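Reading through the structure tokens given below for one structure.
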Amino acid sequence: MNPTIKTALTLSCLLIAMSSLTGCSGGKDGGKAAADEMKATLSGFSREGKVAYAHQDDLVYGHTWKVTDIVNDPLDRSDVKSVCGDFPYIVGFDLGGIELGDSNNLDGVPFDLMRRAAVTQTERGGMVTFSWHPRNPYTGGDAWDISSDKVVESILEGGEKHAEFMEWLRRAGDFLESLTDAKGNPIPVIFRPWHENVGSWFWWGGKLCTADQYKNLFHLTVEYLRDERGLQNIVWAYSPNSGISYEEYMERYPGNEYVDVVGTDHYEYVDTNAEISQEQRYASANGYYQMVLRSELDNLKRISQENGKIMVLSETGMEGIPYGEWWTGVLLPVLREYPVAYVLTWRNAHDRAEHFYAPFPGSGDSEDFKAFHDDPATVFLQEKK
Ligand code: BMA
């Protein structure tokens with residue numbers, strides 16, 4: 001061995017040994033180790049037939065309450081915990097609004113509070129995931145503004161909004177980079193941008209850009225945050241909407257270099273207008289939900305096996321949960337059939353009484369949720385003491 005190389009190697013070994021002794025794993029490299037550990041934990045859940053439970057915005061508000069003291073609130077309130085005794089294993093947050101430098105996200109959550117909640121959740125031994133509903137960079141509208149099919153084209157390299165969009169990405173990067181624990185190490189995060197992209201309700205949707213443009217947008221995002229900014233703490237998730245075929249899923253798949261987790265967003269809707277009994281209404285809604293979910297999870301299982309990726313149910317739920325046995329009667333039986341690493345149900349809005357997807361004290365599904373929690377297959381946060 002060349003002596004110069006040997007000295008360099010000895011020195012770097014010494015540095016690695018020192019950093020592990022001090023517990024400082026070295027900024028962005030530490031982020032990579034933490035992201036790898038996160039992926040290993042999620043893969044383990046899949047392998048062992050376990051499914052972690054995730055809830056959007058869980059620590060920052062719930063049905064009829066919200067955190068107001070951004071700095072001092074202990075963040076120990078949770079609708080889910082109030083019902084079953086444990087926090088969700090994963091908490092989801094949304095970055096919508098970060099792109100313009102807003103202080104609150106699109107649902108009014110202060111980014112400073114979100115940062116503290118994400119770090120707290122991680123330090124307690126759980127995980128966090130981020131979605132992003134950014135505004136429309138071409139029209140100035142919101143994420144749901146689909147009035148133009150030029151948006152994605154305009155923000156890609158060479159497009160008239162490219163420079164502005166790179167600023168948006170920079171602001172998202174600044175926030176993600178600021179997610180560090182008490183020792184200053186980056187916390188691992190699952191980032192799930194450009195979701196529900198086969199349907200056409202967001203400006204990055206199926207009819208609003210070509211498959212190549214979509215993939216270029218995903219690539220641009222990963223290449224900027226991971227490669228240029230060096231944010232190795234990000235685990236990347238791709239999660240189209242449900243009701244699509246294997247081919248449709250793969251047509252816009254960004255590629256194995258850009259994705260760690262494959263997911264699907266699938267909701268249950270109850271047709272309240274149909275002139276049938278309530279029992280028949282739930283039977284048909286539940287049956288349809290399960291049928292489509294099975295078809296999505298069949299595709300995801302194949303995709304995750306073919307590409308070596310972790311599979312998840314990245315968003316699901318039934319608004320208002322009017323069916324009291326939804327958790328163990330509808331969702332869990334399907335989850336048991338597939339290696340789904342986690343399932344996320346959407347937010348319990350504090351300001352819209354009907355908009356909730358998880359139980360809260362007194363909600364009609366509370367008893368059933370407790371049974372879901374107690375089932376050996378589900379994973380909730382067992383706090384590190
Ligand atoms: C939607 C609803 C909206 C919210 C958006 C982003 O599904 O919950 O109220 O603004 O998600 O969180």
Side-chain angles (χ1 to χ4, degrees), residues 54-67 78-80 88 90-100 102-115 117-118 121 128-137 139-146 151 168 171-172 175-176 189-206 237 239-243 263-270 289 292-293 296 312-322 326 331 342-360 363 365:
H55 184 216
Q56 188 74 3
D57 283 344
D58 190 83
L59 296 173
V60 291
Y61 62 80
H63 187 69
T64 68
W65 63 274
K66 68 172 184 175
V67 169
S78 150
D79 279 352
V80 166
I90 303 180
V91 177
F93 298 103
D94 197 276
L95 292 181
I98 200 79
E99 65 281 357
L100 293 187
D102 293 352
S103 15
N104 293 355
N105 87 345
L106 76 169
D107 299 316
V109 180
F111 285 109
D112 287 342
L113 173 62
M114 192 186 291
R115 179 187 303 106
Q121 170 72 6
V128 291
T129 176
F130 288 87
S131 49
W132 191 15
H133 291 83
R135 295 209 193 50
N136 184 319
T139 64
D142 61 19
W144 292 265
D145 178 355
I146 51 170
V151 190
W168 286 22
R171 292 192 183 110
F175 180 80
L176 292 167
V189 302
I190 301 157
F191 187 32
R192 193 170 65 85
W194 320 127
H195 65 304
E196 300 179 10
N197 60 304
V198 175
S200 301
W201 45 88
F202 295 128
W203 55 255
W204 55 88
S239 74
N241 51 285
S242 70
T264 179
D265 288 9
H266 175 56
Y267 284 86
E268 174 162 354
Y269 297 96
V270 187
Y289 168 84
V292 177
L293 183 56
E296 295 309 323
V312 305
L313 181 48
S314 36
E315 276 185 42
T316 195
M318 184 189 199
E319 189 185 39
I321 325 174
W326 191 76
L331 179 63
Y342 74 78
V343 53
L344 181 143
T345 61
W346 203 239
R347 65 200 195 97
N348 284 9
H350 59 87
D351 51 356
R352 278 163 64 194
E354 78 297 347
H355 198 53
F356 62 89
Y357 296 85
F360 52 86
S363 67
D365 60 324

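All ligand and atom numbering here is 1-based and tracks the order in the structure. On a predicted model such as this, the values are computed, not experimentally measured, just so you know. Position 1 is the first residue of the sequence; numbering continues from there.
In this structure, the protein non-hydrogen atom closest to atom 3 (C) of ligand 1 is Arg347 NH2, 3.8 Å. The protein atom (non-hydrogen) at minimum distance from atom 1 (C) of ligand 1 is Trp346 NE1, 3.5 Å. Atom 5 (C) of ligand 1 has as its closest protein heavy atom Trp144 CH2, 3.9 Å.
Only the side chain of His355 comes within 4.0 Å of ligand 1, judged by heavy-atom distances.
Closest heavy-atom approach to atom 12 (O) of ligand 1 among the candidates Asp94, Asp107, Val109: Asp107.
Separation of the Phe175 and Trp132 ring centroids does not fall under the 6.0 Å cut-off. In this structure, the ring of Phe130 has its center no less than 6.0 angstrom from the ring center of Phe191. Aromatic pair Trp346/His355: ring centres not closer than 6.0 Å.
Numbered from 1 in the order shown, with element, the atoms of ligand 1 that lie under 4.0 Å from a heavy atom of His133 read 6 (C). With ligand atoms numbered from 1 in the order given, ligand 1 contributes 9 (O) to contacts under 4.0 Å with heavy atoms of Arg352.
By the 30° and 60° cut-offs, the orientation of the rings of Tyr61 relative to His350 is perpendicular. Relative ring orientation between Tyr289 and Trp326 is described as tilted, the plane-to-plane angle lying within the 30° to 60° band. Taking the six-membered ring for Trp and thresholds of 30 and 60 degrees, His63 and Phe356 have ring planes more than 60 degrees apart, a perpendicular arrangement.
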